[in-house]
Amino acid sequence: MQTNRPHSSPLGHDHEVLSQALAWRQQGHSVVLATVLSTFGGSPRPPGSMAAIRDDGCVVGSVSGGCVEDDLVHEVREGRWFGGEPAPVLRVFGAQAAEQARYRLPCNNTLRVALESHWAPEVVAEAVDAIERRRTVRRHVAWRDGASRLEASAADQGVEEDERGFWTALGPHYRALVVGASELGRDLTRLLLTLDFDVRVCDPRPEYADTWPWTDVPLSREQPDDWLRLQPPDGRTAVIAVSHDPKVDDLALLEALPSPAFYVGAIGSPSTSARRRARLVDLGLSPAAAERLHGPVGLNIGSRTPAEIAVSIAAHLIQSRRQWLAQPGQGTASPQGD
């Protein structure tokens, strides 16, 4: 039976929260923006996660996976965060054992959240526009008066904080560009959708493209190098070549490996991958770019079936895109939130 899985916002969590907050303000509502600044212990949501809470209690986004949202919604409904000083408020949840039990926070977690009720719509609108252009920016908010501004940012600069204010990186969805629509490509697509990637697929071979099962996942029949030129990989893009046809995969890799993509991988054994790197260099790719290739693709978990290989690839993508959490100042979120 064919099953279609609808996408969340293709531009991701940041865009969804900020654009909805703007829409609510334009409709005449008051809205509180909540941002996770840091976590200690197990983390339901990583630093930088956001939620927008409307004056009647409607919520978009999440700062704790539901652990503290109920309290925040109650406070917003009471109007506790509206009026008064424009400065943001810092809330710490789980500082005591009783609070950890009350909020159902895992593994002695402490959660620090900034709450803004006087945020500047023009700055948020500028951030939304940047995300729609697939640009990553940092939003700075001053503790003293809530004044905010945007500046350019690396792909995942995370959250920074000092006595003057805090910075949060805002950017588009992580994208997975999958080359190959055979069984592995289908298993990988289905899995990456559940992990909140914006997945797009390319396969010029009619024997696979003609039987593509998901109408809500774009599939292109173009040659993969042409396809990638139309949507150049950025720092929030992974390119995974799984067609197992060198004529198809190599075209994608020649285009993807010199790009800023955070992950480029291709299916194949260690010997096949070594031959592929040499072949790509012969075709004009620099040796340094060829060495960026994750091949064999995925983590070495002993996978054999297409579904198992898809799991190994997905796990490697998660590992790669979460590495910034280990950087200084990013909190101590555990890999599984427990």
Pick from Leu251, Asp203, Val179, Val201: which one makes a side-chain contact (heavy atoms from CB on, under 4.5 Å) with Trp227?
Val179
Test your reading of the model: is there a side-chain donor-acceptor pair from [X] to the backbone of [Y], 3.5 Å cut-off?
X      : Y      : answer
Arg236 : Pro172 : yes
Arg277 : Gly295 : yes
Arg205 : Ser182 : no
Asp187 : Ala310 : no
Asp14  : Gly171 : yes
Arg292 : Ser259 : yes
Asp71  : His74  : no
Glu291 : Pro287 : no

Point-to-point distance, once rounded to the nearest 0.5 Å, from [atom1] of [X] to [atom2] of [Y]:
X      : Y      : atom1 : atom2 : result
Arg138 : Arg149 : CZ    : CZ    : 8.5 Å
Glu255 : Gln223 : CD    : CD    : 12.5 Å
Thr305 : Glu183 : OG1   : CD    : 8.0 Å
Trp24  : Cys58  : CH2   : SG    : 5.5 Å
His244 : Ile267 : NE2   : CD1   : 5.5 Å
Ile53  : His29  : CD1   : NE2   : 14.5 Å

Would you say the side chain of [Y] lies within less than 4.5 Å of the side chain of [X], judging by non-hydrogen atoms?
X      : Y      : result
Val92  : Val113 : no
Val63  : Thr35  : no
Val32  : Glu116 : no
Leu193 : Trp214 : no
Leu280 : Leu254 : yes
Arg134 : Gln231 : no
His13  : His173 : no
Arg135 : Val137 : yes

Shortest non-hydrogen separation from [X] to [Y] and the atoms involved:
X      : Y      : value
Pro121 : Arg25  : CG-NH2, 3.2 Å
Leu285 : Pro258 : CD1-CG, 3.6 Å
Ala266 : Leu253 : CB-CD1, 3.8 Å
Pro233 : Ala261 : CB-CB, 3.8 Å
His140 : Gly165 : NE2-CA, 4.0 Å
Ser312 : Ile309 : OG-O, 2.7 Å

So if you build clusters from Ile, Leu, Val, Met, Phe, Trp, Tyr with side-chain heavy-atom gaps below 4.5 Å, do [X] and [Y] land together?
X      : Y      : result
Val239 : Ile313 : no
Leu299 : Leu293 : no
Val123 : Val128 : yes
Trp119 : Leu18  : yes
Leu228 : Val217 : no

[X]-[Y] side chain donor-acceptor pair, cut-off 3.5 Å:
X      : Y      : answer
Glu132 : His15  : yes
Arg139 : Thr168 : no
Tyr263 : His294 : no
Ser62  : Glu69  : yes
Thr211 : Arg186 : yes

May I ask you to decide whether [X] forms a salt bridge with [Y], counting only side-chain N to carboxylate O separations under 4.0 Å?
X      : Y      : value
Arg279 : Asp282 : no
Asp55  : Arg77  : no
Glu75  : Arg91  : yes
Arg133 : Asp234 : no
Glu163 : Arg144 : no

Please report the C-alpha distance between Leu115 and Leu33 in whole Å, then the side-chain angles of each, then the deciding distance to 0.1 Å, and finally whether the side chain to side chain contact (heavy atoms under 4.5 Å, CB included) criterion is met.
CA-CA 6 Å; Leu115 301 170; Leu33 286 179; over 6 Å; no
Go through it in stages, so that I can follow the logic: the residues are Asp198 and Leu192, the test is side chain to side chain contact (heavy atoms under 4.5 Å, CB included), and I'd like the CA-CA distance, side-chain angles, deciding distance and then a yes or no.
CA-CA 8 Å; Asp198 175 23; Leu192 292 180; over 6 Å; no
Should Val73 and Val76 be marked as a side chain to side chain contact (heavy atoms under 4.5 Å, CB included) after you check the CA-CA gap, both sets of side-chain angles, and the distance that decides it?
CA-CA 5 Å; Val73 165; Val76 168; 5.8 Å; no
Centre of Trp212's six-membered ring, under 6.0 Å away, within 45 degrees of the axis: is that where NZ or CZ of Arg221 sits?
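Geometry flag: not set, cation outside 6.0 Å or 45°.
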Kindly indicate, with the supporting measurements, whether the criterion side chain to side chain contact (heavy atoms under 4.5 Å, CB included) is fulfilled by Ile240 and Leu177.
CA-CA 6 Å; Ile240 311 104; Leu177 304 180; over 6 Å; no
